[in-house]
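This report refers to the structure that appears directly beneath it.
Below, all heavy atoms of this structure are taken into account, side chains as well, without hydrogens, waters or symmetry copies. Chain naming here is simple, since letters A, B, ... match the order of the sequence lines and numbering starts at 1 in each.
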Amino acid sequence: MKKEELLTGFLQEMRRGTVILCVLAKLKNAAYGYNLIAELSETGIPIEANTLYPLLRRLESQGLLESNWNTTDGAKPRKYYATTEMGKEILTELKTQWQTTVQNMNNIMEAD
Amino acid sequence: MKNDLKNRYIYAVTRHLPAKMQNDVEKELDSLISEMASERGNENSEQTLKDVLTELGEPEELALKYSGSERKSLISGVYYLMYKRVLWMVLPIVAAVITILTIVGLAFTDVAQADPFVITAIQAVAGIAGTIVQAFALITVIFAVLDYKKVDLKEDDFFNLPDIPEEKQKITPLGPITAIIVSISLAALWLAFPQIMGGRFDGEWITVFDTAVLRGLWVPILAWTILEIATEIVKMVEGVYTMRLAIIATIGGVLQAVCAVIVFGNNGIINQGFLSALGEYAATLEMLGGTIRVGNINLVIMAVMLIIIFFETLDVVVTAVKASRR
């Protein structure tokens with residue numbers, strides 16, 4: 001396997017866990033899927049639609065997100081997602097763990 | 001046409017999803033595709049639509065993502081490990097049992113009313129294969145349900161797992177499977193096709209065994225075969241020489257020896273016509289200056305019986321000795 005392919009695979013694995021954290025954090029304010037993709041991309045977290053949309057649905061089925069179809073503004077109907085109370089509690093725990101992990105990782109990298 | 005393409009794509013995704021999800025995902029994908037095409041500047045362009053759909057990827061892949069990551073396979077994880085093990089144990093048993101039953105069925109078929117040999121053989125093989133496939137399907141369905149329901153199959157107490165066996169004490173499946181195949185082949189030969197064993201004297205084929213007597217001994221022959229198969233299956237399941245296996249092998253060996261005595265102890269088992277023909281052939285040969293000894297046939301049968309009992313005993317002793325070394 002080529003070095004580039006290996007690196008791409010590792011990066012995908014590394015990002016996989018962080019996407020949920022990003023989504024829960026971003027959706028404290030309700031947004032529709034495509035808008036979320038744009039916002040995440042602007043902050044340097046690119047995610048493809050075919051990954052995000054199924055993820056949103058999974059998080060909704062787990063009770064971490066809630067959704068509503070917005071059909072009032074005359075345009076195409078859009079499904080808005082927002083983090084639920086349980087989602088916010090999970091987010092708080094994840095953030096704490098994330099900060100600890102970053103600190104531990106930095107310690108390892110610096111010691112290297 | 002472009003709308004057709006979009007709708008066909010959405011349908012190709014949603015058709016793989018549960019009915020309760022389909023409508024919502026359909027609306028969501030419709031909205032998403034419009035957003036993506038709109039961002040590219042020309043929502044009505046067919047090329048734009050193709051670009052968007054290419055970015056979304058294969059419909060089946062997208063459906064797989066929507067259907068959730070937990071169940072990408074019918075049987076997964078621990079269930080797959082156990083599924084494979086059960087298949088390896090059960091399928092040989094089913095194959096052996098159905099083969100024996102088929103052989104017994106053939107043995108009792110009225111030759112006058114039977115189909116030609118080739119047809120009968122094809123039907124028998126098809127029947128055996130069909131039963132094995134059915135067993136395979138049944139096991140697969142059972143494990144798929146166990147996996148779906150997440151039934152706990154793991155060992156509760158992994159602190160009391162059995163010792164690791166030494167290399168010499170391990171039993172590879174090759175030996176038992178070979179023994180089972182040989183055993184079934186012999187049963188087939190004796191019960192279904194005893195006419196194969198014979199010789200041609202003056203242009204006439206004469207069988208060694210009296211086929212009627214031999215088939216009349218189907219109970220001890222069948223019991224002998226089943227005992228052998230059962231013992232070999234226990235060996236495969238145990239996977240290592242244990243005292244439990246030694247006890248089972250001893251009981252199986254004794255019972256098999258009893259079956260051998262019943263079969264070979266029957267004086268009428270040898271075809272008298274074959275003995276006469278052999279005697280005449282020997283006399284003819286002697287006249288021509290050659291020699292052939294037709295000894296006491298009872299002694300020959302006795303020798304065969306003793307050889308069988310010797311190998312049964314040897315197997316039991318080897319199993320017991322290996323088990324005692326654990």
Side-chain angles (χ1 to χ4, degrees), chain A residues 8-9 12-24 26-27 30-42 45-82 84 90, chain B residues 2-3 5-45 48-72 148 150:
Chain A
T8 306
Q12 277 176 349
E13 278 180 39
M14 206 161 72
R15 282 184 192 140
R16 198 167 290 149
T18 63
V19 170
I20 292 172
L21 190 56
C22 294
V23 168
L24 292 178
K26 275 286 183 188
L27 290 179
Y32 60 94
Y34 199 63
N35 179 239
L36 183 60
I37 290 172
E39 283 189 18
L40 286 173
S41 184
E42 282 169 18
I45 310 285
I47 181 165
E48 290 177 0
N50 60 14
T51 301
L52 182 74
Y53 274 69
L55 175 65
L56 291 173
R57 186 164 289 275
R58 180 159 67 88
L59 293 176
E60 186 185 11
S61 71
Q62 290 169 337
L64 305 182
L65 296 179
E66 56 193 357
S67 70
N68 279 303
W69 280 98
N70 184 343
T71 53
T72 55
D73 53 9
K76 274 265 183 194
R78 285 167 170 161
K79 194 177 188 184
Y80 279 74
Y81 287 91
T84 60
I90 295 274
Chain B
K2 70 177 172 47
N3 285 335
L5 178 60
K6 182 165 90 171
N7 290 335
R8 277 185 280 135
Y9 180 87
I10 293 172
Y11 175 71
V13 175
T14 56
R15 66 193 285 259
H16 297 290
L17 302 177
K20 62 180 180 182
M21 277 177 72
Q22 286 179 352
N23 193 34
D24 208 44
V25 172
E26 184 183 322
K27 278 166 66 183
E28 197 170 55
L29 283 178
D30 186 60
S31 174
L32 170 66
I33 292 167
S34 295
E35 297 269 8
M36 290 172 79
S38 176
E39 199 199 48
R40 282 168 168 76
N42 188 357
E43 196 180 343
N44 296 319
S45 155
T48 304
L49 183 60
K50 283 182 177 174
D51 291 344
V52 167
L53 298 185
T54 305
E55 189 179 327
L56 284 175
E58 295 288 335
E60 291 80 9
E61 292 285 329
L62 189 54
L64 191 65
K65 287 179 181 174
Y66 264 115
S67 64
S69 58
E70 287 177 5
R71 283 194 62 79
K72 283 182 179 171
Y148 184 74
K150 295 292 171 212

- Partner set under ring-ring contact (aromatic ring centres under 6.0 Å, His included) for A:Y32, not counting sequence neighbours: A:Y80

- Task: Hey, could you give me the CD1/CE distance between A:I37 and B:M36, rounded to the nearest 0.5 Å?
- Result: 6.5 Å

- Message: Strictly less than 4.5 Å between heavy atoms, which residues of residues 53-63 of chain B line up against chain A? Please order them by number.
- Response: B:E55, B:L56, B:G57, B:L62

- Message: Within residues 12-25 of chain B, which residues come under 4.5 Å of chain A, heavy atom to heavy atom?
- Response: B:M21, B:D24, B:V25

- Atom CH2 in A:W69, atom OG in B:S31: separation rounded to 0.5 Å? 5.5 Å

- Task: Under 4.5 Å, heavy atom to heavy atom: which of residues 45-54 of chain A reach chain B? Give them by number, or say none.
- Result: A:A49, A:N50, A:T51, A:Y53, A:P54

